Amino acid sequence: MTHRILTSLATLILMGCVSAPVKAAADPVDADKAVEILGASVAFDTVAGRGKVPAYAEYLKGELIAGGFAEEDVAIEPFGDTSVLMAHYAGRNGATPIVLNAHMDVVEADPADWVRDPFRMETDGTYFYGRGVLDNKYGLTMLVTTLIRLKREGFVPAHDIILVLTGDEETSQATAAELAPRFKAARMVLNTDAGGGTLGDDGTPRYYSIQAGEKTYADYEIVITNPGGHSSRPTGTNAIVDMAGVLERIGAYEFPVQTSDVTLGYFRETAKQTPGELGEAMARFAEDPSDPAADARLSKEPEYVGQIRTTCVATMINGGHAQNALPQHVSANVNCRIFPGVSPEDVLQKLQDIAGTEATVSLPIAGHSSYSSPLDAVVMAAVRKAVDEQAPGLPIIPQMSAGATDSLFFRAEGIPSYGVSGIFMKPSDDYAHGLNERVPVDSIPGALEHWHTLLTELAG
């Protein structure tokens, strides 16, 4: 039976509805406040085109002001039908602030497809359900609740803290692209939209991931044109057949192996968690990325091939204009996830070389690329302390995301950016962007303590 959010998180725990697989020490008042904010956040259907982000931003502004922020320190800036929210937490040094990043928008959710109303947070005692309850209103809520707690405690940071909430991360990311250049002096960005703890099927913590890099997303259009003609008079050339050859060549091409400190660290640590020949291949690759056998073994795994090279795959094709006519125009979309530091223009040139002169390759929307962030010792020490609050001694593994977060734009400006979510959950519980999105109820206290530790360590 599904219950509305009517009871406090502390009550759910006392009732035995949830069990804590990791240590957590957050004040029950803060945990209940987080549940309140998260529930209210889900109720704003901040899907692109609905114009609800500004109203959500106003709600969050009200919570921050009620929690101790001066009204002049919380600003909402409109961007078309969306907006951004920025809150300034003054410290003793305003020259090198720490930026906290999350996004307010969510992907579409059709209520007809869901078991529950996607825009009303509900719980069955084990999970909270709702669109955006994980991506990314969970992390956003942890930031807002933690900043309110720090205000209540009278915390004065050594460095300014600036909360930056964007409004279109799930679509154009225009707000992040606009905002990132304003913060070139920032010490770092801490992003809630990546990283976090992984639990095993039995609920035991296995490892914590810190995102320090991400691949560039780029969609290339390939076009082949032909004079066409009547299908009863084949000419020896056919745009559809020619396109098939182009896509076959692209599919067969392997971009060169590439590495970074992040990916080598990832394979070095993940090898310890992975039994058998796959784990052995990871260890060999971490020691010698030129090992052809290790490269070949990792390349067989969809989960890992993107960690060792740029990948490009055909995702859409459109062509022909009549069943009884030779095709005059065929186009295809090739989606590439480009290794950090590689120019999208260089990938375009490689695709053009593979396609040959009969095809034209273009990049209709410019791809944004960045280098990986260094695994700074101060950051890693703070993450170590925060992780130990939930799971002492747990391995910390650097990660490069195949997708894109707002950190991409901050890294492009030379600002070190780290995905350091406080959530611990099983991979099987990750329904982000999918039906019946959910988060474990018992993850909230630990996530709050995680962020409190990170901020007091890094900004204190």
Side-chain angles (χ1 to χ4, degrees), residues 8-10 23-38 40-41 57 59-76 84-104 136-166 183 186-193 195-196 378-379 381-390 417-423 443-460:
S8 71
L9 181 60
K23 184 173 67 173
D27 190 318
V29 171
D30 295 310
D32 287 343
K33 185 62 178 178
V35 173
E36 175 192 327
I37 293 175
L38 185 58
S41 297
Y59 161 75
L60 294 171
K61 178 178 180 179
E63 288 293 326
L64 288 166
I65 292 172
F69 280 77
E71 186 167 359
E72 60 268 22
D73 287 337
V74 186
I76 296 173
V84 298
L85 181 150
M86 290 177 284
H88 179 218
Y89 193 128
R92 298 187 296 275
N93 180 357
T96 54
I98 291 176
V99 174
L100 308 180
N101 175 234
H103 64 86
M104 296 181 284
N136 179 231
K137 289 176 177 176
Y138 180 97
L140 182 156
T141 294
M142 299 307 115
L143 289 183
V144 170
T145 308
T146 301
L147 291 174
I148 291 172
R149 173 184 174 184
L150 292 174
K151 284 287 187 181
R152 184 181 73 241
E153 294 173 345
F155 175 69
V156 179
H159 300 269
D160 282 8
I161 299 171
I162 301 178
L163 177 67
V164 177
L165 305 180
T166 59
F183 296 100
R187 289 181 68 210
M188 68 186 72
V189 172
L190 303 179
N191 193 330
T192 70
D193 200 19
V378 173
V379 173
V383 172
R384 175 76 272 166
K385 186 170 183 178
V387 171
D388 284 346
E389 291 289 340
Q390 300 199 64
S417 301
Y418 305 96
V420 285
S421 171
I423 194 169
S443 67
I444 288 178
L448 289 171
E449 199 62 25
H450 176 92
W451 278 104
H452 187 268
T453 301
L454 278 180
L455 294 185
T456 53
E457 287 293 309
L458 291 171

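Worth saying up front: this structure is predicted, and the values here are computed from it rather than measured.
Atom CG in L147 sits 12.0 Å away from atom CE in M142 (nearest 0.5 Å). Atom CD1 of I65 and atom NZ of K151 lie 11.5 Å apart (nearest 0.5 Å). Put simply, CD1 on I423 and OG1 on T192 are 10.5 Å apart, with the number rounded to the nearest 0.5 Å. Distance CD1/I37 to OG1/T141: 6.0 Å, rounded to 0.5 Å. Here the CG-CG distance, from L85 to L165, works out to 5.0 Å after rounding to the nearest 0.5 Å. The CG atom of L100 lies 11.0 Å from the OH atom of Y89; values are rounded to the nearest 0.5 Å.
Between A87 and F69, the shortest heavy-atom distance links the atoms CB-CE2, 4.1 Å. Minimum heavy-atom separation, G460 to A158: O-CB, 3.2 Å. For the pair A34 and L448, the tightest heavy-atom approach, listed with the atom from each and the gap, is CB-CD1, 4.1 Å. Across every non-hydrogen atom of L140 and M104, the tightest pair is CD1-CG, 3.7 Å. For the residue pair Y138 and A447, the shortest heavy atom distance occurs at OH-CB, 3.3 Å. For the pair Y59 and E36, the tightest heavy-atom approach, listed with the atom from each and the gap, is OH-O, 4.2 Å.
V164 has its side chain out of reach of V84: every pair of non-hydrogen atoms, C-beta onward, lies at least 4.5 Å apart. Side-chain contact between L190 and L455 is present, with heavy atoms from C-beta onward closer than 4.5 Å. Between D27 and R149, the closest side-chain pair of non-hydrogen atoms is not below 4.5 Å. Annotation: side chain of T145 is not in contact with side chain of W451 (no heavy-atom distance under 4.5 Å). Here the side chains of L163 and V144 are in contact, with some heavy-atom distance below 4.5 Å. Taking the side chain as every heavy atom from C-beta outward, R152 and D30 approach each other to under 4.5 Å.
In terms of modelled atom types and a separation under 3.5 Å, the side chain of R92 and the main chain of V156 share a donor-acceptor contact. Looking at D160, its side chain never comes within 3.5 Å of a backbone N or O of A90 through a donor-acceptor pair. Judged purely by atom type and a 3.5 angstrom limit, D193 has no side-chain atom pairing as donor or acceptor with the backbone of A102.
With a 6.0 Å radius and a threshold of 12 heavy atoms from other residues, nucleotides or ligands, E71 has its CD atom at or below the threshold.
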Could you walk me through whether T456 and L150 pass side-chain contact (heavy atoms from CB on, under 4.5 Å), step by step?
CA-CA 9 Å; T456 53; L150 292 174; 3.9 Å; yes

Given side-chain contact (heavy atoms from CB on, under 4.5 Å), test M86 with F183 step by step and report yes or no.
CA-CA 12 Å; M86 290 177 284; F183 296 100; 3.9 Å; yes

Stepwise side-chain contact (heavy atoms from CB on, under 4.5 Å) check, L454 with T146:
CA-CA 10 Å; L454 278 180; T146 301; over 6 Å; no

Could you walk me through whether H450 and Q390 satisfy the side-chain contact (heavy atoms from CB on, under 4.5 Å) test, starting with their C-alpha distance in whole Å, then the side-chain angles of each, then the deciding distance to 0.1 Å, before giving a yes or no?
CA-CA 8 Å; H450 176 92; Q390 300 199 64; 3.7 Å; yes

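Checked by atom type, the side-chain pair T96/H159 shows a donor-acceptor distance below 3.5 Å.
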